[in-house]
Amino acid sequence: MASNMETENEQLVADPLSFARSYQLEGLEKALKQNTIVFLETGSGKTLIAIMLLRSFAHQLRKPSPFVAVFLVPQVVLVTQQAEALKMHTDLSVGLYYGDMGIDFWDGAIWKREIEKHEVLVMTPAILLNGLRHSFFHISMIKVLVLDECHHARGKHPYACIMTEFYHQQLSLGKSDLPRIFGMTASPIKSKGGNSELNYWQYIQELESLLNSKVYTVSSESELANFVPVSTPKFKFYIRKDIPYALYEQLANALKVLKSKHEQSLENSDLNPSKVEPTRKRISKAFLALMYCLDELGLWLTWKAAETLSWMEDDFSPWETLDIFGEAIVKSFCSDALKLLANPLKSGCSYGSIGDNVEADMAAGLMTPKVVCLIASLLEYRSIEDIRCIVFVERIVSAVALQTLLSLLLPKHTCWKTKYIAGSTSGLQTQSKKKQNEIVEEFRCGKVNIIVATSILEEGLDVQSCNLVIRFDPSSTVCSFIQSRGRARMKNSDYILMVKSGDSATLSRLQRYLASGEIMRNESLCHASLPCLPFRSAYDEESYFVESTGAIVTLSSSVGLIYFYCSRLPSDCYFKPTPRWDKETCTLYLPKSSPLQTFSSKDDAKYSKQSACLEACKQLHKYGALTDNLVPQMVAEESVAQEIGNKPLDDEQPIYVPPEFVHCCPHNSSVVYHCYLIELKQNFHYDISAHNIVLAMRTELEFEVQSMCHDLDVDRGSFDVNFKYVGIIKLSPEQVLLSRQFQRTIFRALLNHTWTNKLSENNEIYLGDGPKVDYLLLPSTGVELISWEIVLSVLFSSREYCVHRGISSSKGLAYDVQTKSGLVCICRLQNSLVYTPHNGHVYCITSVLSELNGNSSLKIRKNEMMAYKEYYKVRHGIDLYFEKQPLLRGKKIFPVHNYLKRFRKHKEEGESRNSLVELPPELCSIIMSPISVNTLYSYSFLPSIMHRLESMLIASNLKKLNTDHCMQNDIPTTKWAIINTLLYAIFIQVLEAITTKNCQEKFHLESLETLGDSFLKYATGQHLFRTFQNDHEGLLSLKKDRIVSNAALCRLGCEHKISGFVRDEAFDPQKWDIPGDTHEVSQLREVVLSSGRKVYVRRKRKIKGKRIADVVEALIGAYLSTGGERAAIQFLNRIESLLKYTFNDRSLLLEALTHGSYMLPEIPRCYQRLEFLGDSVLDYAITVHLYNKYPGMTPELLTDMRSASVNNDCYSRTALKAQLHKSILHCSHDLHKHISSTLHNFEMLSSEATYGWESEISFPKVLGDVIESLAGAIYVDSGYDKEKVFGCIRPLLEPLVSPETLKKHPRRELNELCQKEKYNLKKTVTSRVNGRSHVTVEVEVNGRIFKHTAISLDRETGKKVASKEVLKSLKESYPMVHK
């Protein structure tokens, strides 16, 4: 035995379980010392020894250890069973792996994560073998390798390949870091066994040598008897008696005639030639199954088998599936056979009487003696109510037929329930893995008593409650015999072996099998002290090894790899890419989408196909079509794309504040401000007029911001808002504090519509102390730029002397009145801002009502009057003490709205009755005086204006990051006016690009996003096409999708901090930060962008990744629409190097009309690559055409027009109009039929237009593909001139869609109608019948149902047609609603 088997023994300490049996502890001791194969009976607890071994190795497996243990099981169904046992008895992290998890498409990165996460990996052996071959992990990483049912290790089984290709290869190099091998089996021999002890030992010795392990077993069967019940074998003999000869001959000949008839129909059918042979095989398989049943089971069960075959689905490999015509022919054969077999039964027994008289049934040939023997054997146990029996058969058709018989017959004698479980090796599979597991669970808990099973239940499944096993068909190998016997786990269980009388060979073989267990045990014990023989492979297999990764492909594995490679090439419903082997020339042909297509064998005839496949693997790897891990490049790209898509993105993204707004204000020195006059031009008549406001900024604004003008939709009309630079001013710290106090006070009053002591606190206004939003909004009403007397109104004091006091005027004598603020001159109350504590309201006092006082009458209702003092007493519980003081005219303060919102409704002219009130002075507390109602009115619009300015500045800062890279470098310096115009245009477009629809403003990004999306696909497509000239269309599409995916664009936007520029919320004035007000305002945080420019983060907000991706696309559209393609491409370069490869040019025009099914070598490639390129070129060209031709259309209309013009139906109609279908090179029978039927339907269409959704037929996608491939060919041939492409293709597409001719997609129109009119649109019902989609659309209107079912080749066309018909019915029934 190799020395490595005993390494690290001194470090291993046994970690047994307290309930372990003596032989299990002995087995553990052996396994700790050396590689071991535990040979014990089924149910003896071999898995528990493996678990204790893993517990003993646990200290070497615990993370962050790079090592793992691997537990291999031969069947998927055992993965969960063994993993659950590991989780129950260890604290190790266990990972489960099987094919349905998509593991074939995993890469090294995914496996690396799994190994970092788990300590034990439970999987099927093919997964480990593929992982080792592709070098996703290495044999040296595995500390313990457990092989369940290790007797499978022979030939080319994955167990054997793992050992020969990796373990022994490393062992031969003297490597010591190899895993501990632990095998488990109930029989180390899988073959039929030998006639002598020597033969048995040779088989055992071969297994020991291959696994480099010694067999451990107990010394005798009696040792196990105390722990493991052993079933009692019983032979049941039946006399072979054929069904009546005349009946047999009649039925056999009739079935042969039936088979010939249906095979002959294949020649005359409209069947795809490639499906003829698979269909013939299926008919032959069904025929042989029925003949077998007729021989072995009898007429009645043959009839039931035919019934089953007439509905049972076949599970062939994906490339052998039949089309609907082939399926129909096979089902027709089975149905005819069913009728044929039913004829003799009509005069015999009825369906329910079978088995009532078994002798008569045998005589009539309805059942064979073998079946009668099975029934009799079962009925011997009828007294056992809770029986659990497994009947093992060889064929699935036997399992299904016998289950039908037993389910009908046994309930007449017992309460037993019967089901069947069958595998899929024969191609007849009606059960999913989930269904099989459910049946086993029902068997465990007693809901099912009898399972008729194929060999699928022989191995591994733990069903401890089984007390009877019947071998209806004898075991073919020693292993099968021992394992099926081991299914009977209950004490005093029986193992019945059914044997035909006189079949001495079978009887002798079964008797030998009965003795084999003891022979194998004795041979293992006799040779236990001998070392393993060195492993010598019977065939030194040629292989190809990748030095950089260690990946390997062998002669035998190369065939599977080539099939896998072809399966990842582009396909359609007319062509599935597979390799083609020419036996005569020993040449391998790959599909046209492969960069290399022809390989000849260098080997002899025996291995010629493998040799050619291995050579293909070598060349494809050298060419780059297979990666260094020897997986198709497509799989690697899919893994990368999945990795990008799975990377979590932080949906908490910042909101930037422009740096122009943010500064630190010095404590002790004057501050210079740049002043801008905000001119408010009122475009409506109103008694109150807005006046201009001075915006004082610490920073001078850029040209495009200064020149920005916009309008505000206010309640009564609109304002024109303009910014005008008026110079600089220098303010002292005291003036800055005063200005801040003024704007804070006025905005608090306007935004809150109330006033409290907390709002009146002034101690939070200070200078310095970190960056803050620092700009001033000051009134400008007179000759002076700033009306300081209004600013000083915030310092109002009742004790301040009034120069008007005691002086007569046209308004009367000035005198003091009592207020909540104390005695105040009446003139100070006029044009003041007050609040009334009794109701918390804020009012602007517009005048003094000298003629009214507290004793005056107030009209409450019609014909009801009340004195003001009485009103306040009754309504508010307030006594007026100064009732003779004149009342004040108060106007409720102006509401502050979002005046940027689109579709604002205008109010009718005139004041609201409730907006003006009469107030006693003694109830008023003065906030500011003097301040006019005009000033308050003007300031109510400033939050919206400043929010727009902030958005403009954010857009300006984003533009600055890229302008230098997007401007043409060769613009003459004398053309600065043009430059400024261009800068302004870019600025406006950038603002639009960062504004989402959620902002509810008059503009948003959708049009630019549509343009940018189209250009991005176009630019990426042509770049990939020209750079990766050997990549097929599928690979190019995957790369393009990865680059332009929302996930990639979102990550791009976040990495380059674009996400902070996105405006994704409607402006809420209540959340607006009052400049200079530190009350409840979070600290601003500085962020440095890539250019070194600073912005500030106000807060974080949740934003969807797609929104960020949309903004990135819209920004591309913005730079494209103003700076041209060069600017857009340079912008792409700026935010990420999407175009970092060298551009190459090669004409591929010859491919444009060649479909993938055209396998002739004269044309080296099919059209798929050109179609990939032409798709994006045409999409972009048409989008730009629509965008430029209709500049005023809405984003929604642009999107609809693009969708109506750029789709497969549109292109397919164009191809048929131009008769391009006649020039398509293909070898697909299905495609020919589809084009022919489509052409017939197309000729009946009246519409000349190619756009829109009028067509009610399904077009072959190939027709549309050809238009795109021709566009791609012209594009390449013309030196990548997209204008040339559009010029050539446009005439074919004419007439193009226009806003006047556009019709909505019926599905969308129906959805919108139902939403608008509150109709109940039911969920669409779809089904697939005979290869066609049945789609039902249903709408309920006031209890009335409008429904239509459309039948089409594809589901989408069905939805369109059904929706169109329902719409038509609705419009006819409710014409007024739908005008």
query = After noting the C-alpha distance and the side-chain angles of Leu147 and Phe182, does the key distance pass the side chain to side chain contact (heavy atoms under 4.5 Å, CB included) rule?
reply = CA-CA 6 Å; Leu147 289 79; Phe182 184 78; over 6 Å; no
key: Tyr216 six-ring centre to Lys30 NZ/CZ under 6.0 Å and within 45° of normal   = no
task = Side-chain contact test, heavy atoms from C-beta onward, threshold under 4.5 Å: evaluate it for Asp336 versus Lys261 and give yes or no.
result = yes
query = Is there side-chain contact between Leu309 and Val400, with heavy atoms separated by less than 4.5 Å?
reply = no
remark   = Interatomic distance, CD@Gln250 vs CG@Leu340, rounded to 0.5 Å, equals 7.5 Å
task = Could you tell me whether the side chain of Ser524 and the main chain of Met520 form a donor-acceptor pair under 3.5 Å?
result = yes
ask   = Taking all atoms of both residues into account, what is the closest heavy-atom pair of Asp386 and Asn467, and its distance?
value = O-ND2, 4.0 Å
ask   = Given Glu307 and Lys304, is the side chain to side chain contact (heavy atoms under 4.5 Å, CB included) satisfied, shown in steps?
value = CA-CA 5 Å; Glu307 186 179 66; Lys304 297 308 295 181; 2.5 Å; yes
key: Main-chain N/O of Ser475 paired with Arg509 side-chain donor or acceptor, under 3.5 Å   = yes
Pairs where residues 371-383 contributes a residue and the test side-chain hydrogen bond (donor to acceptor under 3.5 Å, both in side chains) is met, not counting sequence neighbours = Lys236-Glu380, Tyr381-Asp494
query = Would you say the side chain of Cys293 lies within less than 4.5 Å of the side chain of Leu301, judging by non-hydrogen atoms?
reply = no
ask   = Knowing that exactly one of Lys46, Gln81, Gln82 qualifies, which makes a side-chain hydrogen bond (donor to acceptor under 3.5 Å, both in side chains) with Asp148?
value = Gln82
message = Centroid separation under 6.0 Å, is that true for the rings of Tyr495 and Phe481?
response = yes
Reported CG-to-NZ distance for the pair Leu288 and Lys259, which is rounded to 0.5 angstrom = 7.5 Å
ask   = Between Leu405 and Met367, is any pair of side-chain heavy atoms under 4.5 Å apart?
value = yes
inquiry  = Assess whether a salt bridge exists between Glu41 and Arg521, defined as any Lys/Arg side-chain N lying under 4.0 Å from an Asp/Glu carboxylate O.
reply    = yes
ask   = Is the count of non-hydrogen atoms from other residues, nucleotides or ligands lying under 6.0 Å from Leu533 atom CG greater than 12?
value = yes
request  = Take atom OH of Tyr245 as the centre, draw a 6.0 Å sphere, and report whether it contains more than 12 heavy atoms from other residues, nucleotides or ligands.
outcome  = no
Salt-bridge contact Arg21-Glu26 (side-chain N to carboxylate O under 4.0 Å) = no
ask   = Side-chain donor-acceptor pair under 3.5 Å between His151 and Thr185, yes or no?
value = yes
Value rounded to 0.5 Å, distance of NE2 in His262 from CZ in Phe287 = 13.5 Å
ask   = If you measure from CD on Glu206 to CH2 on Trp201, what distance do you get to the nearest 0.5 Å?
value = 10.5 Å
remark   = Those residues at least two apart in sequence (or on a different chain) that pass ring pair (Phe, Tyr, Trp, His ring centres under 6.0 Å) with Phe71 are none
query = Under the side chain to side chain contact (heavy atoms under 4.5 Å, CB included) criterion, do Arg485 and Val469 qualify, and how do the steps go?
reply = CA-CA 7 Å; Arg485 181 184 181 184; Val469 171; over 6 Å; no
inquiry  = Working to the nearest 0.5 angstrom, can you tell me the gap between Asn449 CG and Leu468 CG?
reply    = 11.5 Å
task = Let me see the working for Tyr238 and Leu374 under side chain to side chain contact (heavy atoms under 4.5 Å, CB included), right down to the final yes or no.
result = CA-CA 9 Å; Tyr238 61 90; Leu374 171 64; over 6 Å; no
Whether over 12 other heavy atoms sit under 6.0 Å from Phe472 CZ = yes
Short side-chain donor-acceptor distance under 3.5 Å, Gln483 and Glu149 = yes
request  = Quick one: list whatever passes side chain to side chain donor-acceptor pair (under 3.5 Å) with Ser209, sequence neighbours left out.
outcome  = none
query = Could you state the interatomic distance from NZ (Lys190) to CD1 (Ile482), rounded to the nearest 0.5 Å?
reply = 13.5 Å
ask   = So which heavy atom on Ile519 is nearest to which on Tyr200, and how close?
value = CG2-CD1, 3.6 Å
remark   = Between Glu394 and Thr454, the two heavy atoms sitting closest are O-CG2, 4.4 Å
query = Do you know which of Arg388, Lys419, Lys447, Lys417 makes salt bridge (charged side-chain N to carboxylate O under 4.0 Å, His left out) with Glu442?
reply = Lys419
remark   = Heavy-atom nearest pair, Gly45 first then Gln24, reads O-NE2, 3.1 Å
query = Are the side chain of Ser493 and the backbone of Met490 linked by a donor-acceptor contact shorter than 3.5 Å?
reply = yes
key: Short side-chain to backbone donor-acceptor contact, Tyr513 and Cys479, under 3.5 Å   = no
inquiry  = Main chain of Val397, side chain of Tyr292: is a donor-acceptor contact present, judged purely on distance under 3.5 Å?
reply    = no
Smallest separation among heavy atoms of Ile189 and Tyr203, with atom names = CG1-CB, 3.6 Å
ask   = Under 3.5 Å, is there a donor-acceptor pair between the side chain of Ser508 and the main chain of Ser504?
value = no
query = Counting N and O atoms only, with roles assigned by atom type, does the side chain of Thr418 sit under 3.5 Å from a partner on the main chain of Ile450, one being a donor and the other an acceptor?
reply = no
Residue pair Thr506 / Lys500, side-chain heavy-atom distance below 4.5 Å = no
ask   = Does some side-chain heavy atom of Pro344 sit less than 4.5 Å from a side-chain heavy atom of Leu247?
value = yes
ask   = Would you call the rings of Phe235 and Phe237 parallel, tilted or perpendicular, where under 30° means parallel and over 60° means perpendicular?
value = parallel
query = Under the salt bridge (Lys or Arg N to Asp or Glu O under 4.0 Å) criterion, do Asp473 and Lys370 qualify, and how do the steps go?
reply = CA-CA 10 Å; Asp473 294 316; Lys370 185 176 182 181; 2.6 Å; yes
query = Got Leu40 and Ile49 here, is their nearest side-chain heavy-atom distance under 4.5 Å?
reply = yes
ask   = Taking side chain as C-beta onward, heavy atoms only, is Cys150 less than 4.5 Å from Met184?
value = no
query = Which atom names give the shortest non-hydrogen contact between Leu72 and Pro125, and what distance separates them?
reply = CD2-CA, 4.0 Å
